[in-house]
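For reference, the structure discussed in these notes is given below.
Just the heavy atoms: all of them, side chains too, but no hydrogens, waters or symmetry mates, feed the values below.
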Amino acid sequence: MSKENFEKQIRKRMEQLDEINKHGIFKELKGTVTDFNYDTKSLSMTFEATKFHENAFGIMFGGSLAGMFDIAFGTLTAGLGDYSVAPTVQLSTTFLKGIPTGVTVRTEVEAVSTGKTIMNFVGKAYVGEELVGSASGTFMTPRPFKKFNTEK
């Protein structure tokens, strides 16, 4: 994949996220791509920890952080390949500190490996400069997935 195609795919994914954001959890997470880098195969996104995500302890529900990583990893997958959907195979999230609602959460993710059928990622989440979580994820590139869907 060329640097130009990478940037084209990231921008395409940003447009798709804007459309997806009109519905469901994507809308509530309010994700925005803030930076991406072809050379380091990395991406940064910000999300809003709104009252919608508040749990019984008055902090952000852990599943929301997992969702933030899932979206960031998936967006980077779209940038690194010529497709807009990449199924999550595995997602592991470590919660390091409770996240209060009303703050902005920044995720910084990068590709560890980008194979023909599987991509692996690692990421960190911050509130300001404070590390609040980390994650790793494995995503399937959809070429076999698309082929499966077209052979109905």
Side-chain angles (χ1 to χ4, degrees), residues 1 3 5-115 117-142 145:
M1 156 135 341
K3 183 175 182 174
N5 199 36
F6 172 77
E7 291 180 7
K8 177 183 168 189
Q9 287 300 110
I10 291 290
R11 293 189 196 294
K12 179 180 173 185
R13 180 63 175 164
M14 289 166 64
E15 291 172 9
Q16 291 170 334
L17 284 174
D18 284 342
E19 184 61 31
I20 292 169
N21 280 341
K22 294 178 182 174
H23 312 288
I25 194 69
F26 293 100
K27 176 183 177 187
E28 296 301 333
L29 286 172
K30 302 180 189 314
T32 303
V33 174
T34 56
D35 191 30
F36 53 89
N37 186 303
Y38 173 79
D39 295 325
T40 59
K41 296 180 180 160
S42 62
L43 176 115
S44 296
M45 290 186 77
T46 58
F47 299 90
E48 293 180 33
T50 65
K51 282 286 194 186
F52 176 85
H53 302 282
E54 191 171 83
N55 66 18
F57 297 107
I59 59 175
M60 189 178 81
F61 171 63
S64 294
L65 183 60
M68 292 172 185
F69 279 118
D70 196 26
I71 293 168
F73 290 151
T75 299
L76 185 53
T77 302
L80 294 170
D82 190 17
Y83 36 82
S84 60
V85 173
T88 306
V89 175
Q90 176 274 334
L91 181 64
S92 176
T93 306
T94 301
F95 306 96
L96 301 173
K97 183 167 179 149
I99 300 170
T101 56
V103 301
T104 299
V105 178
R106 182 181 81 254
T107 59
E108 296 179 359
V109 302
E110 66 180 85
V112 175
S113 66
T114 56
T117 57
I118 296 290
M119 291 188 186
N120 291 287
F121 301 94
V122 295
K124 295 180 179 179
Y126 299 88
V127 172
E129 297 303 314
E130 185 172 20
L131 181 66
V132 295
S134 62
S136 63
T138 302
F139 288 71
M140 183 176 85
T141 59
F145 186 72

### Query
For the atom pair OG1 (Thr88) and CZ (Phe69), what is the distance rounded to the nearest 0.5 Å?
13.5 Å

## Note on the structure
Residue set satisfying ring-ring contact (aromatic ring centres under 6.0 Å, His included) with Phe121, at least two apart, ordered chain then number -> Phe73, Phe139

#### Entry: More than 12 heavy atoms of other groups within 6.0 Å of Phe61 CZ
no

### Gap between atom OG1 of Thr75 and atom CE of Met45 - 0.5 Å precision
4.5 Å

#### Entry: Met68 CE to Thr107 OG1 distance, which is reported to the nearest 0.5 Å
8.5 Å

### Task
To the nearest 0.5 Å, tell me how far Glu48 CD sits from Ser64 OG.
12.5 Å

### Task
State the CG-CZ distance between Leu65 and Phe47, to the nearest 0.5 angstrom.
9.5 Å

### Task
Search all heavy atoms of Leu80 against all heavy atoms of Ala111 and return the closest pair with its distance.
CD1-CB, 3.9 Å

### Query
Taking C-beta and beyond as the side chain, do Val132 and Leu96 meet within less than 4.5 Å on heavy atoms?
no

### Message
Ignoring hydrogens and geometry beyond distance, is a side-chain donor-acceptor pair present between Ser113 and Asn120 at under 3.5 Å?
### Response
yes

### Query
Do any N or O atoms from the side chain of Thr34 and from the backbone of Ser44 form a donor-acceptor pair under 3.5 angstrom?
yes

### Query
Where is the tightest heavy-atom contact between Gly115 and Thr141, given as atom of each residue plus distance?
O-CG2, 4.1 Å

### Task
Would you mind reporting whether Val109 and Phe36 have side-chain heavy atoms less than 4.5 Å apart?
no

#### Entry: Gap between atom CG of Leu131 and atom CD of Glu108 - 0.5 Å precision
9.5 Å

### Task
Could you walk me through whether His53 and Leu29 pass side-chain contact (heavy atoms from CB on, under 4.5 Å), step by step?
CA-CA 8 Å; His53 302 282; Leu29 286 172; 3.3 Å; yes

